Structures are given as structure tokens and as C-alpha cells.
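By convention here, the first residue in the shown sequence is residue 1. All of these numbers come straight from a predicted model, not from anything done at the bench.
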Amino acid sequence: MYSLTEIIHTGNPKYLQYFSKKTGFLITDFKSTNNANLQWLWKHIAKNFNFINDFSKLNYTEKQKLGEILNNFGCLPQSDKTCDEMEKKLPWVFIHPVSGIFIPLEIVKLLMQEETFFRENYLFSLLYKLKIKEQKYFTSFIGSSLDAKVNLSFESSPLDMALVLYIWLSEQIRAITDIRNIIPERGKILKSPFTFAREINMDSIASVNNASTLIPEKPVPIWDYLYLHFSHLKEDIDKLHTLVTRGNKGFYRSVSLLKNQNSDLIRAFKGGILIPVLVSTGKSSPIKLVSPVELHYTLKNNQVKNSTIVNELLGSRRDPS
């Protein structure tokens, strides 16, 4: 993930020449480029930004490649012919000065306002759709660790606040290799009604594709999903339901008040694995949950790696005879 400011201040003269030609904004010397000039550059790019018009210029293959870039949090380390053709057509997609292709973080702030990306459940758009108060509750909720305290900041603009959360959560999502470490598969009560144990099924472990069924690709009713996959945390879910529906404290504020802050449920919310869809259409608007499309892409890319690990695990458990 890269910002225009970072790229301009580290770019060599040849790259700045490319950048100036592409944007139509003259930058001759990055050392003399101050914040005021960068602000004018940002306004110049924003003024000319038209996603619908730009997107219509792409052919099917190029549109797919743009989706791949966005699914990979705005950058690909290596370019191909399709990337090259797409970069020529889109004024807000750039060649990286070292290698690959990227969409600047400043452009992400424009993309998150496009309804298309909210309908497709992109993380940056889901975060932007949260009200600023909810965004700040979320920041406080995940800011308990030292690393988070250093890297997270409170912003007054919902665009800036969403971008701060997006940058942080992108790193958390990239690190996920197997969602089943966090989201339990459906289990069964072994000593009802007091204990719950996950049902271990080696056949389901061997099928890596099954992991994607644990996280919703489209928004689903929150309480049905939580009671299904976190049955062992029923008391926490009951408490959360009461706080959200009767406490008027906000969703993430309510989550932060749960007693067990080390549970799988808390990890799922802190890591951006489950994002609430809180679009208000009235007092009785139901809350839904969805997993960002970037998470599904990350898990799919890790599929081969996971398959290798699972095969080794299964091989070690085979009967020697």
C-alpha cells in the first residue's frame, strides 16, 4: 500500500517525469515538492476522477485485473501485459518505481465513496459506511495492543478514519492462512447444556475449500450467524444482543464491553474477518455481518499452501500398517 506523497518524495527524476506526464501535473524536483504542492496535486486528481467513465474504457480482462489489484489491497508486485494496457487507460493506476503496479491510498479514499464497492463488500467501503462515531469505537476496540496504539490515530473525517482502519486491517487480513483457527465450524453439544466442543472432522480439514463457507460472502443476519458458529459463546452473544438492541452504545462499543476479550468472537471482529453492515433505514433496521472480499481473495491465494500443510498433517496421522 502506497501513498502519492511517499512515492513522490522517493521517486527519481525519471519516475517523476512519468508521473507528471500521466497526471498532467508538473513535478520537476521531489526535494522542492512541499505539502502545498501535494495538496494541489491531490485536488487535481480528485477533480478529474470519474470511476464509472474510466471503468467503461476497460475490456473484460482488464476489469478482472483491476479487481485483482483491489483484492490485493491496491497493489501487485509484478506487472503483465494486461496490467500495462490497463495502466495506460486509467489515470489513477500507476507503475511502481521499483516494480509492479499500484493504486495510491489517496485514490482509495475516492473509491470507497463509490456504491459499486459497497455492494461488492470491499473492506475500504464497508469501513467508510460506518458512521464516524462507530469508526472511532472500532479504533478504540482494536487499539488495546501496543502496536495498534502506535499505528492507529483518530481522524475527524470519515474518509480519513476509514483509511486508517483499512491500512491497519489489511495487515491483519494478509496474515490469515486458515479461517478455521478463528471461526468454528458447526459443532455439537457433548455435555448439554454446559459445554460445547468443536466437532473435528478430518475430511473437512482436508478440503481447504470448506473454509470459505465459514465466512459470509454476502451480508447475513448477525444473530443467526453468531449463534450458529459461536454456540460455545452463547452468553457473550446474549449479552451483545442486549447491549446493541437496548443499550444504545454503538456496535463496537458494545463488543468491547464483553467480559471475555480473548474469545474467537472478539478475534474475528478485531481482525476484520467479520464486519457489521449498519446501514440505517429505520429504528428496526436489522444488523448484518459480512466478510470483506479481500479476505476471500487472501484465503484463496493461500489455498495451495494450506493444502500442502493439510496433506502433511494427514500423512503424519496415517496408520503405518
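No more than 12 heavy atoms of other residues, nucleotides or ligands shown are found within 6.0 angstrom of CG on N262.
Scanning all heavy atoms of the two residues, the minimum distance from P216 to L289 falls at CG-O, 3.8 Å. Of all non-hydrogen atoms in S79 and D84, the two that sit nearest each other are CB-OD1, 4.0 Å. The two residues I287 and P276 come nearest to each other via the heavy atoms CG2-CB, 4.3 Å. Residues I101 and C83 share a closest heavy-atom pair of CD1-O, 3.7 Å. The heavy-atom pair separating V290 from E217 by the smallest distance is CG2-O, 3.7 Å.
The pair D236-K239 does not meet the salt-bridge criterion, since no charged nitrogen lies less than 4.0 angstrom from a carboxylate oxygen. Using a cut-off of 4.0 Å between Lys/Arg side-chain N and Asp/Glu carboxylate O, K22 and E87 are scored as salt-bridged. Residues E68 and K65 are paired through a salt bridge, judged by an N-O separation under 4.0 Å between the basic side chain and the carboxylate. Classification of E115 and K129 as a salt-bridged pair holds, one side-chain N sitting under 4.0 Å from a carboxylate O.
Separation of the F94 and Y15 ring centroids does not fall under the 6.0 Å cut-off. Aromatic pair F138/Y252: centroids less than 6.0 angstrom apart.
Between I182 and L214 the shortest side-chain heavy-atom distance does not fall below 4.5 Å. With contacts defined as side-chain heavy-atom distances shorter than 4.5 Å, the pair F118/Y128 does not qualify. Looking at H96 and C75, their side chains never come closer than 4.5 Å, going by heavy atoms from C-beta outward. Using a 4.5 Å heavy-atom cutoff, the side chains of I132 and M161 are in contact.
With Q113 contributing its side chain and K109 its backbone, the two residues share a donor-acceptor pair below 3.5 Å. Between the side chain of R253 and the backbone N or O of F141 there is no donor-acceptor pair closer than 3.5 Å.
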